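Just so it is clear, the structure is predicted and the values come from calculations on it, not from any experiment. Basis for what follows: all heavy atoms, side chains included, without hydrogens, waters or symmetry-related copies.
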Amino acid sequence: MNVKKYHSLKESGVEWIEKIPTHWELRRIGQLFKFRNEKVSDEEYMPLSVTKDGVVPQLENVAKTIHNENRKKVLKGDIVINSRSDRRGSSGLSMLNGSCSLINHVLEPRVELEGKYIHYLFKSVPFCDEYYRWGTGIVDDLWSTQKDRMSQIQIPFPPINEQKRIARFLDHKINSMAKLKKMLEEKINKLKEYRSSLITQAVTKGLDPNVPMKDSGIEWLGEVPEHWKVTKLKYFVRHCARGITPSYVENEKNSIPVINQACIQSYGIKWEAIKYHDKSRTYNKGIIKAGDVLICSTGRGALGRVQVFPSTKGEYVADGHVTIVRTNQADLSNRYLRFLLSTPIYFEMMDNVWSSGSTKQTELNRSEILNMPIVVPPIDEQREITNLLEKKEFEITNVLSVLEKQLNFLDTYRSSLITAAVTGQIDVSDCKEAEEELETIS
């Protein structure tokens with residue numbers, strides 16, 4: 001990192017901060033802030049949300065309060081922090097007058113300070129560790145009943161001019177990283193869209209743009225090559241069944257690995273998500289063979305994910321939320337079927353049309369799977385299509401992996417930079433330092 005370190009550091013005497021610059025002070029939160037606990041109406045004071053991005057106008061997906069006067073008053077310049085342990089990092093300097101949920105702590109400054117410095121300090125990993133370590137559950141009852149604990153937390157408090165420099169430095173760096181992150185996310189989204197359109201085109205229209213077409217007779221499928229069959233999956237299936245209800249054990253000894261829905265991902269099998277079934281219990285009906293097509297068949301989000309099980313050593317079994325489909329390979333390639341079912345149009349049909357049940361317990365049953373309408377090219381053409389798609393998928397996956405690593409690097413770098421700046425591990429007196437770290441991945 002192309003920034004200077006302070007020449008002189010001292011032991012802080014505070015567990016969550018090792019050292020701070022010798023000219024910095026340590027102050028207790030209660031010395032710097034008082035709690036603002038005034039209850040107000042959300043009609044009089046605009047509702048605000050406390051997020052990881054800071055304090056913002058209330059988000060649309062937030063549950064709205066029923067009663068008017070069960071919110072806390074927030075004024076511009078206040079620091080707000082969410083006391084729920086599952087909202088770690090949700091805090092910030094409010095630039096608005098408004099109101100927030102009672103689960104938040106609203107801190108009104110007692111002394112002159114740079115609110116943006118505190119904004120970043122409260123987002124640093126060491127501070128979050130210290131703040132939430134007193135928690136007793138998802139909703140932190142201890143904080144809501146004993147605010148004196150928060151008041152006693154000691155934080156680094158540099159001179160006001162340095163607070164402002166640190167805030168400007170972090171604003172500059174975070175904004176630069178946000179722009180780069182947006183660019184990377186756009187590249188990732190475009191690649192994923194390209195992959196989807198490439199697969200959809202190949203498995204529903206073929207590779208020859210000049211081939212004669214016919215109406216498939218299926219509205220959502222449209223036209224397909226004239227020489228392809230439009231039929232039902234059941235005519236090509238030798239075996240279709242759900243897995244077992246596992247008796248899970250911690251010890252891998254005398255057990256059999258279970259492929260559950262978390263194991264079935266677009267890139268392949270996520271082996272680290274495997275669980276283990278007691279081998280002394282029945283499991284024969286759920287045994288998976290190499291080449292089986294595995295379909296996630298329960299619940300929104302997972303339902304519809306498809307993958308081909310590779311050749312492996314030893315036995316594996318599917319759990320009851322996974323459907324095993326074994327095709328007649330002479331007529332329908334499992335590899336081609338996997339690509340066909342993973343297209344957006346088939347995923348949408350499985351997730352929203354062919355499935356049934358409540359939102360969380362939506363099921364794609366065996367009958368719906370067997371009666372799926374599919375388009376089937378000649379087997380040689382299936383192999384040609386899948387060979388091309390697997391090659392393209394491999395290339396795209398490699399590029400996506402690089403881009404996602406860069407995103408992860410940005411998140412890690414951002415976190416470490418904030419911590420280093422607000423705890424005095426680096427001297428940011430020159431905010432115009434070069435940014436080789438960002439340029440290397442742009």
Side-chain angles (χ1 to χ4, degrees), residues 1 3 5-6 9-21 24-33 35 49-55 78-94 100-107 109 113-158 162-163 166-167 169-171 173-174 177 181 407-428:
M1 202 156 42
V3 289
K5 291 187 176 182
Y6 284 96
L9 298 174
K10 64 183 178 183
E11 297 291 336
S12 71
V14 176
E15 186 176 349
W16 67 276
I17 315 166
E18 288 187 17
K19 294 181 178 181
I20 59 173
W24 285 26
E25 297 180 16
L26 285 170
R27 295 280 189 91
R28 299 188 188 280
I29 288 178
Q31 294 176 299
L32 303 176
F33 298 94
F35 290 95
S49 289
V50 184
T51 73
K52 291 185 179 181
D53 292 325
V55 181
D78 287 347
I79 301 292
V80 190
I81 181 169
N82 194 307
S83 65
R84 289 177 57 132
S85 58
D86 63 338
R87 298 291 188 269
R88 180 187 175 95
S90 295
S91 63
L93 170 68
S94 181
C100 67
S101 166
L102 298 181
I103 199 65
N104 298 290
H105 288 146
V106 181
L107 303 179
L113 52 78
E114 173 53 53
K116 206 63 184 290
Y117 166 76
I118 304 295
H119 168 94
Y120 285 118
L121 176 65
F122 279 14
K123 290 185 179 299
S124 67
V125 172
F127 177 82
C128 287
D129 288 344
E130 175 66 12
Y131 176 76
Y132 290 107
R133 76 186 179 95
W134 301 100
T136 57
I138 292 180
V139 177
D140 189 350
D141 296 326
L142 190 59
W143 279 125
S144 61
T145 56
Q146 297 185 10
K147 296 186 180 70
D148 60 305
R149 286 191 178 275
M150 183 179 183
S151 297
Q152 295 305 309
I153 294 178
Q154 294 188 79
I155 62 174
F157 195 71
E162 274 188 71
Q163 292 181 38
I166 291 169
F169 168 80
L170 288 175
D171 278 346
K173 296 288 280 187
I174 300 306
M177 282 185 274
K181 185 173 182 177
L407 272 182
N408 290 336
F409 167 80
L410 275 179
D411 288 339
T412 301
Y413 175 64
R414 180 183 186 277
S415 177
S416 62
L417 186 66
I418 289 173
T419 297
V422 299
T423 60
Q425 308 312 300
I426 55 174
D427 181 354
V428 300

(request) Look at the side chain of Ser94 and the backbone N and O of Ile79, then say whether any donor-acceptor pair between them is shorter than 3.5 Å. (result) no

(request) Mind running side chain to side chain contact (heavy atoms under 4.5 Å, CB included) on Leu9 and Ile20 for me, showing each step along the way? (result) CA-CA 5 Å; Leu9 298 174; Ile20 59 173; 5.9 Å; no

(request) Examine distances only and state if a side-chain atom of Ser49 and a backbone atom of Thr51 form a donor-acceptor pair shorter than 3.5 Å. (result) no

(request) List in chain and number order the residues that pass ring-ring contact (aromatic ring centres under 6.0 Å, His included) with Phe122, two or more places apart in sequence or in another chain; answer none if no residue qualifies. (result) Phe127

(message) Once rounded to the nearest 0.5 Å, what's the spacing between atom CG of Leu410 and atom CD1 of Ile174?
(response) 10.0 Å

(message) Tell me whether Asp129 is salt-bridged to Arg88, with the criterion being a basic N under 4.0 Å from an acidic carboxylate O.
(response) yes

(message) Let me confirm one number: the SG-CD1 distance from Cys128 to Ile81, rounded to the nearest 0.5 Å.
(response) 6.5 Å

(message) Closer than 4.0 angstrom, basic N to acidic O: yes or no for Arg27 and Glu25?
(response) yes

(message) With heavy-atom distances below 4.5 Å as the criterion, would you say the side chains of Pro126 and Ile17 are in contact?
(response) no

(request) Indicate yes or no: at least one non-hydrogen side-chain atom of Ile155 is less than 4.5 angstrom from one of Val14. (result) no

(request) Check whether any side-chain N or O of Asp411 sits under 3.5 Å from a backbone N or O of Asn408 as a donor-acceptor pair, and report yes or no. (result) no

(message) Heavy-atom count check: over 12 atoms from other residues, nucleotides or ligands less than 6.0 Å from Lys52 NZ?
(response) no

(request) State which residues pass side chain to side chain contact (heavy atoms under 4.5 Å, CB included) with Arg28; sequence neighbours excluded, sorted by chain then number. (result) Gln31, Gln152, Gln154

(request) For the pair Lys10 (side chain) and Trp24 (backbone), establish whether a donor and an acceptor sit closer than 3.5 Å, ignoring hydrogens and angles. (result) yes

(request) Can you measure from OG (Ser91) to NZ (Lys123) and round to the nearest 0.5 angstrom? (result) 4.0 Å

(request) Would you give the length of the straight line joining atom CD of Glu15 to atom CD of Glu130, rounded to the nearest 0.5 angstrom? (result) 7.0 Å

(request) Tell me, with the steps shown, if Ile29 and Phe35 meet side chain to side chain contact (heavy atoms under 4.5 Å, CB included). (result) CA-CA 10 Å; Ile29 288 178; Phe35 290 95; 5.6 Å; no

(request) For residues His105 and Val80, determine if any side-chain heavy atom of one lies less than 4.5 Å from a side-chain heavy atom of the other. (result) no

(request) Kindly say whether Ser415 contributes a backbone atom to a donor-acceptor pair with the side chain of Thr419 at under 3.5 angstrom? (result) yes

(message) Rounded to the nearest 0.5 Å, what separates atom OG1 in Thr412 from atom CG in Leu417?
(response) 12.0 Å

(request) Apply side chain to side chain contact (heavy atoms under 4.5 Å, CB included) to Leu93 and Ile118, showing your working. (result) CA-CA 8 Å; Leu93 170 68; Ile118 304 295; over 6 Å; no

(message) For Val422, is there any backbone N or O sitting under 3.5 Å from a side-chain donor or acceptor partner on Tyr117?
(response) yes

(request) Carefully, step by step, assess Ser83 and Tyr131 under the rule side chain to side chain contact (heavy atoms under 4.5 Å, CB included). (result) CA-CA 9 Å; Ser83 65; Tyr131 176 76; 3.5 Å; yes

(request) Quick one: pull up CD in Gln163 and CG in Leu113 and give me the separation to the nearest 0.5 Å. (result) 6.0 Å

